[in-house]
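Comments concern the structure below.
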Number of protein chains: 2
Amino acid sequence: MRNIRNSNIELKGHPVTAQRRLLLKLIRDTRGHIDAKELYRRASSMDESISLATVYRSLRLFKELDLVDERRLGQVRCYYEVKQLGEHQHLVCKGCGAVIEFKSSLIHKLVDKVQSEHGFNVTKAELYLEGYCKECREEAKGSS
Amino acid sequence: MRNIRNSNIELKGHPVTAQRRLLLKLIRDTRGHIDAKELYRRASSMDESISLATVYRSLRLFKELDLVDERRLGQVRCYYEVKQLGEHQHLVCKGCGAVIEFKSSLIHKLVDKVQSEHGFNVTKAELYLEGYCKECREEAKGSS
DNA sequence: GTTGGAGTTGCGAATGTTTCTCATTCTCAT
DNA sequence: ATGAGAATGAGAAACATTCGCAACTCCAAC
């Protein structure tokens, strides 16, 4: 099951370019999230002529093709991660910046309820929790 | 119970300036959300010398004093609304842009669970749902 | 009521992220 | 191999937000 030549299936007819192949690989080699700037940095070290505009264009394409998910985690910028099978949500520590992923079946229940109550067809559900992890809480206690 | 002169309580010792008074009033007169640009537009019509920087600075202060809530609703920019007693979440229609607020007790349950399971102290919980409202769904059906 | 100094303001410049433009280059069905 | 259409790199532009600083305000203390 070789994968050196391109499948062209993933990109649904969009030309498979070296840049897109590289960017998709870099995203998939990342555990967790990556933002456009960091992706650009990593891509540059493999192909120093790649442009930041291409990174953004590719991310938009991947998003449209449902290959990656885009999330805003606290800051202004966006973060990307490979599309996963199950939905999951994010818990961000304001102290150390750690991002923890978790799943909860309650989300489904909630979405179902909202759909029926408001006649909505919900296509995206993002729960963002922010706070302080155990370590950062203890640190704060100690220093104050 | 007159309120013409300033209480100075709300702003917790921060000087009460004409700009801050105006901006807070405008936010409170708004039903739902407003972004910095629109707030600036409305403020300008009352005080044409007010600066956009002041709008941003005031919003940051109000946020720190817990007078307003800041949310990102789909777009890049932030939206502000007066701090409300009960938490509520947002449901945005991708078709017409309508923003619907709703409450759900399931959120609390979910947050409690996450707190105990991950040893986190959760200080903020935002649920963002996106989809299509009944009207937009029917429109789409008709046109395709 | 005046005063002084900390805090605030307006302005324009700066930042940071994301998008656009356009000439050049690449991909892939034929 | 070829050509039409799509993608790319580079820099400019667009957008929201923040910064730096001189001038101005607020308000506690007199």
Side-chain angles (χ1 to χ4, degrees), chain A residues 4-27 33-65 67-80, chain B residues 4-24 26-27 33-65 67-68 70-80:
Chain A
I4 294 165
R5 209 72 217 92
N6 263 282
S7 57
N8 194 12
I9 295 165
E10 270 190 330
L11 296 185
K12 304 227 178 76
H14 295 266
V16 177
T17 66
Q19 292 89 336
R20 287 175 178 172
R21 213 181 298 138
L22 171 61
L23 292 170
L24 205 45
K25 175 173 176 4
L26 287 174
I27 295 170
H33 314 80
I34 189 168
D35 62 18
K37 207 170 160 190
E38 174 60 22
L39 182 56
Y40 172 62
R41 247 183 255 121
R42 293 190 199 170
S44 293
S45 76
M46 308 293 288
D47 164 7
E48 51 175 75
S49 85
I50 201 169
S51 152
L52 183 55
T54 295
V55 172
Y56 277 104
R57 282 186 289 234
S58 300
L59 283 172
R60 202 194 321 177
L61 177 66
F62 298 162
K63 193 171 46 167
E64 281 167 18
L65 298 179
L67 297 173
V68 305
D69 269 331
E70 177 191 71
R71 301 278 311 237
R72 262 180 287 282
L73 300 176
Q75 334 299 311
V76 180
R77 68 169 149 283
C78 292
Y79 294 83
Y80 299 85
Chain B
I4 293 162
R5 208 75 219 90
N6 263 281
S7 57
N8 194 13
I9 295 167
E10 272 191 330
L11 296 184
K12 304 226 177 76
H14 295 266
V16 177
T17 65
Q19 291 89 335
R20 287 176 179 170
R21 214 180 300 138
L22 171 61
L23 292 170
L24 205 45
L26 287 173
I27 295 171
H33 314 80
I34 188 167
D35 62 18
K37 206 170 161 192
E38 174 60 21
L39 182 56
Y40 172 61
R41 243 181 258 123
R42 294 190 198 171
S44 293
S45 77
M46 308 292 288
D47 164 8
E48 51 177 73
S49 84
I50 200 168
S51 151
L52 183 55
T54 294
V55 172
Y56 277 106
R57 282 187 289 233
S58 301
L59 283 172
R60 203 193 321 174
L61 177 67
F62 299 162
K63 193 171 47 169
E64 280 166 19
L65 298 180
L67 297 174
V68 306
E70 178 190 72
R71 301 274 316 234
R72 262 180 286 283
L73 299 176
Q75 335 298 312
V76 180
R77 68 169 151 281
C78 292
Y79 293 84
Y80 300 85

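Here is how names work: the chains are called A, B, and so on, in the same order as the sequence lines, proteins then strands, and each is numbered from 1.
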Strand contacts (DNA chain C) in residues 42-54 of chain A, 4.0 angstrom heavy-atom criterion = A:Leu52, A:Ala53
Between D:dA7 (P) and A:Leu59 (CG): distance, integer Å | 15 Å
Rounded interatomic separation in angstrom, taking CD from B:Glu64 and P from D:dT18 = 11 Å
Provide, to the nearest angstrom, the distance between the OH atom belonging to A:Tyr40 and the P atom belonging to C:dT19.
-> 16 Å
What does A:Arg57 touch in the nucleic acid at a heavy-atom separation under 4.0 angstrom: a base, only the sugar-phosphate, or nothing?
-> base
Opposite nucleotide pairing with D:dA6, Watson-Crick or G-U, both atom distances under 3.5 Å = C:dT25
Roughly how many Å is it from CG in A:Leu22 to C1' in D:dA7, rounded to a whole number?
-> 15 Å
Report yes if at least one side-chain N or O of A:Thr17 is closer than 4.0 Å to OP1 or OP2 of D:dT8; otherwise report no.
-> yes
Checking B:Arg57, B:His14, B:Glu10 against B:Arg20 for side-chain contact (heavy atoms from CB on, under 4.5 Å), the one that qualifies is B:His14
Want to settle it: does A:Arg60 or B:His14 sit nearer the 5' end of DNA chain C, counting the closest nucleotide to each?
-> B:His14
When you match B:Asp35 and A:Ala18 each to their closest nucleotide on DNA chain D, which lands nearer the 5' end?
-> A:Ala18
Provide, to the nearest angstrom, the distance between the CG atom belonging to A:Leu65 and the C1' atom belonging to D:dA6.
-> 14 Å
Whole-Å gap separating P (C:dT21) and OH (A:Tyr56) = 18 Å
Does B:Lys37 make a side-chain N or O approach to OP1 or OP2 of D:dA16 shorter than 4.0 Å?
-> yes
Value in whole Å for how far the P atom of C:dT17 lies from CZ of B:Arg72 | 13 Å
Phosphate contact (D:dT25 OP1 or OP2) by B:Gln19 side-chain N/O below 4.0 Å | no
